[in-house]
Each structure stands twice: as C-alpha cells, then as structure tokens.
Amino acid sequence: MNDKLKIACLASGGGTNLQALIDNIESGRLDVRIVAVISNVPGAGALARAQKHRLPCFVVNNKEYASRQLFDRELAAIIDRQEAQLICLCGFMRIFSPFFIDHYPGRIINIHPALLPAYGGKGFYGHKVHEAVLASGEKVSGCTVHFVDQEVDHGPIILQRSVPVLPEDTVDTLADRVLKEEHLAYSQAIGMIARGELEIGLNKNTPLKARP
Ligand code: GAR
C-alpha cells in the first residue's frame with residue numbers, strides 16, 4: 001500500500017471528476033492513493049464526496065487570504081504535510097502563483113473540458129468553454145489532461161478524448177458528453193503517471209520529494 005503514488009485532489013465544485021477517481025481506485029482500476037482532497041470553497045460538493053469515502057479533507061478558503069501567494073503557501077503546506085507526490089486539479093477554479101508552480105515541477109496536472117490548445121486560457125472554464133465551442137459551430141470537442149505550467153491551460157498534453165458536437169446540442173448536453181469522457185481520461189492519465197510511463201513530468205527517475 002505504501003508504494004502507491006500519493007495524490008492530492010484540488011476541487012472547487014461538484015467533484016464528479018474526483019468521484020470517478022475514487023470509484024476507479026475503489027474498484028482496483030486505478031492504483032494510487034488519495035492523501036488529500038482540498039477545496040477553496042467551503043461546502044463544495046467535492047468535499048462531501050470525499051468525506052463519504054473517509055478521505056482527508058481540507059478547506060482553504062481563498063477569500064481569507066490577502067494574496068494569491070499566501071493562499072498557495074497554505075495549499076502547499078497541506079500537500080507537503082500529506083506527502084502528496086502528484087497534484088490533480090479536479091475542477092479547481094484558481095490560477096496559481098509562480099511560487100506554487102515552481103514548487104512542484106512536473107507534478108501538477110489538470111483536466112480541461114475542451115481539446116486544447118483550442119478553447120483554453122483565462123476565462124475558459126466550466127460551461128463558458130462549451131458556450132464558446134457551440135458559438136463557433138465546432139463539429140468536435142472533448143477533453144484534455146495536461147501538465148500545469150506558468151501559463152493557463154498551456155502545459156504539455158498527456159492525453160485527449162474527443163466527442164461529436166451534435167446540431168441539437170445545448171451547453172448542458174455537450175457538457176455532459178464531455179464530462180463522461182473526462183471521467184475516463186483522468187484515471188487513464190493518472191494511471192500512466194503512476195506506472196512511470198511518461199517521459200516527462202513525474203516518472204521513474206523523479207525524486208519523490210517536492211523541492212524544499
Ligand atoms: C470539469 O468539466 C472540468 O474539466 C472543469 O470543471 C469541471 C468540474 O467538474 N475544469 C475547468 O474548466 C478548468 N479550467 P466536476 O467538479 O464535476 O469534476
């Protein structure tokens with residue numbers, strides 16, 4: 001049990017991506033251990049899901065911190081105390097300070113509800129992404145799992161899954177179709193990292209401790 005990859009999940013919302021990870025871990029399809037679920041939103045659905053599965057839960061309310069960096073330092077303190085090796089953003093709606101990104105080189109991943117580099121960057125989050133995809137008349141959308149770097153929605157892509165955009169789609173129907181693929185994609189990508197299959201980011205040669 002102790003040699004499993006330890007992950008921290010950061011979530012701001014309902015937490016269906018977190019739930020998919022929990023379900024895949026519990027059914028043995030994903031061989032990692034969640035050592036922290038952290039939300040910036042007190043009462044977020046993701047926290048209730050984590051509590052139900054007796055996972056260590058933490059609230060770091062960004063409204064209580066004078067700066068982005070102070071908020072990020074508190075996140076890092078929890079992540080390091082819990083000895084997480086990989087940080088998985090599961091609908092975490094905060095942009096990090098350079099401090100946080102530098103503290104975890106190649107150790108932060110995100111899932112985004114579009115086929116990056118299209119429909120990414122500041123302002124493209126949650127349903128706004130699907131609104132933009134529909135407004136542009138795209139025939140295909142999907143989701144992307146990628147490493148997080150200093151630019152929003154920009155780091156190296158690990159994998160993508162696509163879905164058709166149908167003529168009768170609304171934001172909700174498209175979001176649901178993409179979300180189903182997200183639930184598969186995130187476990188797939190985390191599994192690849194846990195097995196040391198990637199050449200970049202966290203792999204067999206990466207020391208397990210984050211930088212001091
Ligand atoms: C997901 O669609 C995720 O891709 C998106 O937020 C949703 C969270 O859903 N993330 C972003 O837009 C980040 N830019 P969930 O809380 O049900 O997992």
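The basis for the numbers below is simple: all heavy atoms, side chains too, and nothing from hydrogens, waters or symmetry mates. All ligand and atom numbering here is 1-based and tracks the order in the structure.
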- Task: Output every pair passing side-chain hydrogen bond (donor to acceptor under 3.5 Å, both in side chains) with a member in residues 115-128, not counting sequence neighbours, ordered by first then second residue.
- Result: Tyr119-Ser136, Tyr119-Glu138

- Message: Give me the nearest non-hydrogen protein atom to atom 9 (O) of ligand 1 as residue plus atom name, then the distance to 0.1 Å.
- Response: Asn17 ND2, 4.0 Å

- Message: Among all the protein's non-hydrogen atoms, which is closest to atom 14 (N) of ligand 1, and how far away is it?
- Response: His112 ND1, 3.5 Å

- Item | Parallel, tilted or perpendicular: rings of Tyr65 and Phe71 (30°, 60°) | perpendicular

- From atom 16 (O) of ligand 1, work out which of Pro113, Gly15, Gly91 has a heavy atom at the shortest distance.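 Looking at heavy atoms only, the winner is Gly15.
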
- Message: Considering Gly126, Gly45, Gly123 one by one, which has a heavy atom nearer to atom 12 (O) of ligand 1 than any of the others?
- Response: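 Among Gly126, Gly45, Gly123, the closest heavy atom to atom 12 (O) of ligand 1 comes from Gly126.
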
- So, His183 versus Gln19: side-chain donor-acceptor pair below 3.5 Å or not? no

- Any non-hydrogen atom of Met93 lying under 4.0 Å from ligand 1? yes

- Message: Are the side chains of Val32 and Leu86 in contact, using a 4.5 Å heavy-atom criterion?
- Response: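 No. Closest side-chain heavy atoms not under 4.5 Å.
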
- Item | Contact check, side chains of Gln150 and Pro98, non-hydrogen atoms, under 4.5 Å |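 SC-SC contact between Gln150 and Pro98 confirmed.
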
Can you list the ligand 1 atoms lying under 4.0 Å from a non-hydrogen atom of [X]?
{"X": "Glu182", "value": "1 (C), 2 (O), 3 (C), 4 (O)"}
{"X": "Leu179", "value": "2 (O)"}
{"X": "Thr16", "value": "15 (P), 16 (O), 17 (O), 18 (O)"}

- Under the salt bridge (Lys or Arg N to Asp or Glu O under 4.0 Å) test, residues paired with Glu181 that sit two or more places apart: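 Testing Glu181 for salt bridge (Lys or Arg N to Asp or Glu O under 4.0 Å), a comparison that skips the adjacent residues, returns Arg161.
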
